[in-house]
Each structure stands twice: as C-alpha cells, then as structure tokens.
Amino acid sequence: QVQLVESGGGLVQPGVSLRLSCAASVINFSLYAMSWYRQAPAKQRELVATVTSRSSTNYGDSVKGRFTISRDNAKNVVYLQMNSLQPEDTAVYYCNSRFLSLSYWGQGTQVTVSS
C-alpha cells in the first residue's frame with residue numbers, strides 16, 4: 001500500500017509562487033513515475049506534470065514554462081514549483097504515483113489564486 005501526502009497549498013495572489021510537496025511512503029520510490037494532477041470545480045481532472053523514474057519530465061500545455069516538477073529519491077518526495085500563478089490555476093492538486101499497473105492517489109491540496 002502506497003500512501004501519498006500532499007502539502008503546500010494555500011491562498012495566494014496572482015503572480016506569486018508556491019511549492020507543493022508530495023511525500024510518499026513506499027519502498028523503491030525511485031521506480032515510480034510521479035505526477036501532479038489538478039481538478040477545478042466543475043472540470044475534469046487534468047495532468048499538470050510528470051517526472052518519470054528516469055527523471056524525464058513532461059507538462060500540460062497550460063503550465064509549460066511556469067511550473068517545474070522535480071523529485072528527491074533520497075527523501076521519497078516529489079515537488080511542484082509553481083510560478084506566476086494565475087486565477088485559472090485554482091484547483092485541488094493531487095499527487096499520483098504509478099508503477100506498471102499500480103496507481104495511487106493522494107488526498108489533494110487546495111490551491112486558490114485570487115486577489
């Protein structure tokens with residue numbers, strides 16, 4: 001059983017930065033692809049960013065150039081650095097871990113961008 005705990009969300013003004021963290025309780029964390037998803041009210045959950053077991057990354061079009069995903073395999077943590085936040089980034093952000101057919105989700109952390 002994999003447990004994922006997100007943290008770092010909050011209420012921020014447009015233009016500022018925020019860093020989310022996801023701590024994973026799992027053996028062999030480095031084997032997992034780790035992703036951040038988000039879900040805004042009345043919208044489908046969308047992929048924000050992924051970092052593979054080989055540390056390759058990919059991003060959703062709406063966050064390219066503003067968000068950066070990274071992982072620390074020594075600490076079993078994945079981060080999402082979010083810069084130049086905009087109101088449309090408001091959502092619940094979820095951490096996901098994936099290895100072969102196994103997929104786990106965290107409970108989510110709320111990010112609200114508002115002036």
If you count heavy atoms of other groups shown closer than 6.0 angstrom to [atom1] of [X], is the number above 12?
| X | atom1 | value |
| --- | --- | --- |
| Gln86 | CD | yes |
| Glu88 | CD | yes |
| Ile27 | CD1 | no |
| Gln3 | CD | no |
| Arg98 | CZ | no |

Search all heavy atoms of [X] against all heavy atoms of [Y] and return the closest pair with its distance.
| X | Y | value |
| --- | --- | --- |
| Ala91 | Ala40 | CB-N, 3.8 Å |
| Ser53 | Ser30 | CB-O, 3.1 Å |
| Ser84 | Arg66 | O-NH1, 2.9 Å |
| Asn58 | Leu47 | ND2-CD2, 3.9 Å |
| Ser21 | Val77 | CB-CG1, 4.3 Å |
| Ser70 | Val78 | O-CG2, 3.1 Å |

Applying the 4.5 Å side-chain criterion to the ILVMFWY set and letting contacts propagate, would [X] and [Y] be lumped into a single cluster?
| X | Y | value |
| --- | --- | --- |
| Tyr94 | Val48 | no |
| Met34 | Tyr104 | yes |
| Leu4 | Val26 | yes |
| Tyr37 | Tyr93 | no |

Discussion item. side-chain contact (heavy atoms from CB on, under 4.5 Å), that's the test. Do Asp89 and Met82 meet it? Break it down for me.
Written reply: CA-CA 9 Å; Asp89 295 316; Met82 305 185 293; over 6 Å; no

[X] side chain to [Y] main-chain N or O, any donor-acceptor pair under 3.5 Å?
| X | Y | value |
| --- | --- | --- |
| Glu6 | Gly108 | yes |
| Ser115 | Gln13 | no |
| Gln81 | Thr68 | no |
| Gln107 | Val5 | no |
| Asp72 | Lys75 | yes |

Give, for atom [atom1] of [X] and atom [atom2] of [Y], the distance between the pair rounded to the nearest 0.5 Å.
| X | Y | atom1 | atom2 | result |
| --- | --- | --- | --- | --- |
| Leu80 | Ser35 | CG | OG | 10.5 Å |
| Ser55 | Asn73 | OG | CG | 6.0 Å |
| Ser97 | Leu102 | OG | CG | 8.5 Å |
| Arg45 | Arg38 | CZ | CZ | 13.0 Å |
| Asn96 | Ser103 | CG | OG | 4.0 Å |
| Leu11 | Thr112 | CG | OG1 | 6.0 Å |

Worksheet item: Do Arg71's NZ or CZ and the ring of Phe29 fall within the cation-pi criteria of under 6.0 Å and 45°?
Response: yes

Fill in: Residues which pass salt bridge (charged side-chain N to carboxylate O under 4.0 Å, His left out) with Lys64, listed by chain and number, not counting sequence neighbours
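Salt bridge (charged side-chain N to carboxylate O under 4.0 Å, His left out) list for Lys64, sorted by chain: Asp61.
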
Worksheet item: So, do Tyr32 and Phe99 have ring centers that fall under 6.0 Å from each other?
Response: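 Yes.
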
Practice prompt. Establish, from distance only, whether the side-chain atoms of Ser25 and Asn76 form a donor-acceptor pair under 3.5 Å.
Written response: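 Result is no, nothing qualifies.
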
Discussion item. With a 4.5 Å cut-off on side-chain heavy atoms, are Leu18 and Val16 touching?
Written reply: no

Item to complete: Provide the full list of ring-ring contact (aromatic ring centres under 6.0 Å, His included) pairs with a residue in residues 55-92, sequence neighbours left out, each pair given once.
Response: none

